[in-house]
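FYI, side chains are in, hydrogens and waters are out, and symmetry mates aren't considered; it's all heavy atoms of this structure. Computed from a predicted structure; not experimentally measured.
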Amino acid sequence: MTWNAHLPPCSILLLAGGRGQRMGGQDKGLLEWQGEPLIAHLHRKTRSLSDDLIISCNRNLERYALYADQLVHDDQGDFPGPLAGIRAGLKAARHDFLMVLPCDVPRVDTALLQSLRETASAQPGKPVMVRHGDHWEPLLCLIPIALREAFDDAWNSGERSPGRIMRKLDASAVQCSDNDPRLANLNTPQLLSAHNTVSD
């Protein structure tokens, strides 16, 4: 599928700033899958889609810098969660929309990313999240930068769930089927290994 240049441009944020608890504390974005770090797969899927590719990371900055136009990090220590990375991305973004992707979904494709942008264009002012069945995927989303203050207000009130914030903001859904292979979340050593022999 060709990327639709007629839609408003967006910044893209790749989330790689977590503690990696399910990976034994390893930096998940740098773990190899099919011969490359996970972050390299996401970089390849998104590089041509934006001139503002941002990575949220809290360690190994020099390695992540190879894959990004800019790096952001949490403004407080001890890995406060993905919402901290999203807030940093919203602050740094150079365009009016921020697409957010976790670093452990290397099977995501351009068609899905295109659907996020098209849905956001049709529902201006609302965040958009991927949904499969009844389950939302809040870390696969597109957020208008105009909502940055709403995210900051929620954070300051103690909220730490990106999904709850976006649902309260009347998020639109990009609906996928249950068990959509593009949404395979390779966030444990077992899943990384199980999917490693399957061609991308």
Side-chain angles (χ1 to χ4, degrees), residues 1 3 10-75 77-95 98-114 116-117 129-130 132 137-143 162 176 179-200:
M1 175 178 288
W3 188 248
C10 68
S11 300
I12 296 178
L13 174 68
L14 305 180
L15 292 170
R19 192 191 302 269
Q21 284 178 299
R22 294 178 180 174
M23 291 291 188
Q26 298 180 84
D27 193 338
K28 183 164 52 178
L30 299 177
L31 294 179
E32 287 205 353
W33 182 72
Q34 295 191 356
E36 292 182 294
L38 282 170
I39 197 68
H41 292 274
L42 270 296
H43 173 268
R44 187 168 55 254
K45 298 287 179 73
T46 58
R47 174 67 281 180
S48 65
L49 311 183
S50 176
D51 61 0
D52 187 27
L53 184 54
I54 309 165
I55 295 179
S56 168
C57 55
N58 292 306
R59 46 187 168 162
N60 298 306
L61 306 189
E62 68 290 339
R63 293 188 64 185
Y64 282 115
L66 301 173
Y67 301 103
D69 297 311
Q70 52 176 328
L71 301 179
V72 296
H73 56 83
D74 300 340
D75 58 9
D78 201 33
F79 302 96
L83 181 56
I86 291 172
R87 289 178 62 236
L90 287 169
K91 184 176 180 180
R94 297 172 183 150
H95 295 300
L98 180 69
M99 182 182 293
V100 180
L101 300 167
C103 68
D104 54 6
V105 288
R107 294 190 180 281
V108 70
D109 66 3
T110 302
L112 182 57
L113 305 185
Q114 179 86 303
L116 282 168
R117 288 184 77 211
M129 285 189 282
V130 168
H132 54 104
E137 291 286 353
L139 302 188
L140 281 160
C141 66
L142 195 147
I143 305 168
C176 297
N179 301 313
D180 189 321
R182 299 174 298 175
L183 305 181
N185 191 232
L186 310 187
N187 59 8
T188 68
Q190 294 77 17
L191 285 170
L192 202 63
S193 176
H195 285 260
N196 206 35
T197 56
V198 182
S199 60
D200 190 13

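- Note that the CG atom of Leu101 and the SG atom of Cys141 stand 8.0 Å from one another [nearest 0.5 Å].
- With sequence neighbours left out, the salt bridge (charged side-chain N to carboxylate O under 4.0 Å, His left out) criterion links Asp51 to no other residue.
- In this structure, the side chain of Asp69 engages the main chain of Leu53 through a donor-acceptor pair within 3.5 Å.
- In this structure, the side chains of Leu49 and Ile12 come closer than 4.5 Å at one or more pairs of heavy atoms.
- Scanning both residues, Leu71 and Cys57, for their nearest heavy atoms gives CD2-SG, 4.0 Å.
- Atom CD1 of residue Ile143 and atom SG of residue Cys10 lie 11.5 Å apart, to the nearest 0.5 angstrom.
- Heavy atoms only, all atoms of each residue included: Gly89 and Ile54 are closest at O-CD1, 4.2 Å.
- Under a 3.5 Å cut-off, the side chain of Ser11 and the backbone N or O of Leu98 do not form any donor-acceptor pair.
- Contact record, Leu14 with His43: CD1-N, 4.3 Å, taken as the closest heavy-atom pair.
- No donor-acceptor pair closer than 3.5 Å links the side chain of Lys28 to the backbone N or O of Asp104.
- Using modelled atom types and a 3.5 Å distance limit, the side chains of Asn58 and Tyr64 yield no donor-acceptor pair.
- Listed by chain and number, the residues in a salt bridge (charged side-chain N to carboxylate O under 4.0 Å, His left out) with Arg63 amount to none (sequence neighbours excluded).
- Residue Arg59 holds its CZ atom at 8.5 Å from CG of Leu30, rounded to the nearest 0.5 Å.
- No side-chain donor-acceptor contact under 3.5 Å links Glu36 to the backbone of His41.
- Residues Leu38 and Pro106 share a closest heavy-atom pair of CD2-CG, 3.8 Å.
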field: side-chain contact (heavy atoms from CB on, under 4.5 Å) between Val108 and Leu113, worked out
entry: CA-CA 8 Å; Val108 70; Leu113 305 185; 3.8 Å; yes

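- Note that the CZ atom of Arg117 and the CG atom of Leu142 stand 8.5 Å from one another [nearest 0.5 Å].
- Summarising the local packing, NE2 of His73 is surrounded by 12 or fewer heavy atoms from other residues, nucleotides or ligands at distances under 6.0 Å.
- Contact record, Leu13 with Gly85: CD2-O, 3.5 Å, taken as the closest heavy-atom pair.
- Remark: Leu66 CG to Asn60 CG distance equals 11.0 Å, nearest 0.5 Å.
- Residues Met129 and Leu140 have side chains not in contact (no heavy-atom distance under 4.5 Å, counting atoms from C-beta outward).
- Contact check for Cys176 versus Leu112: side-chain heavy atoms found under the 4.5 Å cut-off.
- Note that CG of Leu42 is 10.0 Å distant from CH2 of Trp33, once rounded to the nearest 0.5 Å.
- Remark: side-chain polar atoms of Lys45 are not paired, donor with acceptor, to backbone N or O of Thr110 under 3.5 angstrom.
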- prompt: Step by step, would you call Val130 with Asp180 a side-chain contact (heavy atoms from CB on, under 4.5 Å)?
  reply: CA-CA 11 Å; Val130 168; Asp180 189 321; over 6 Å; no

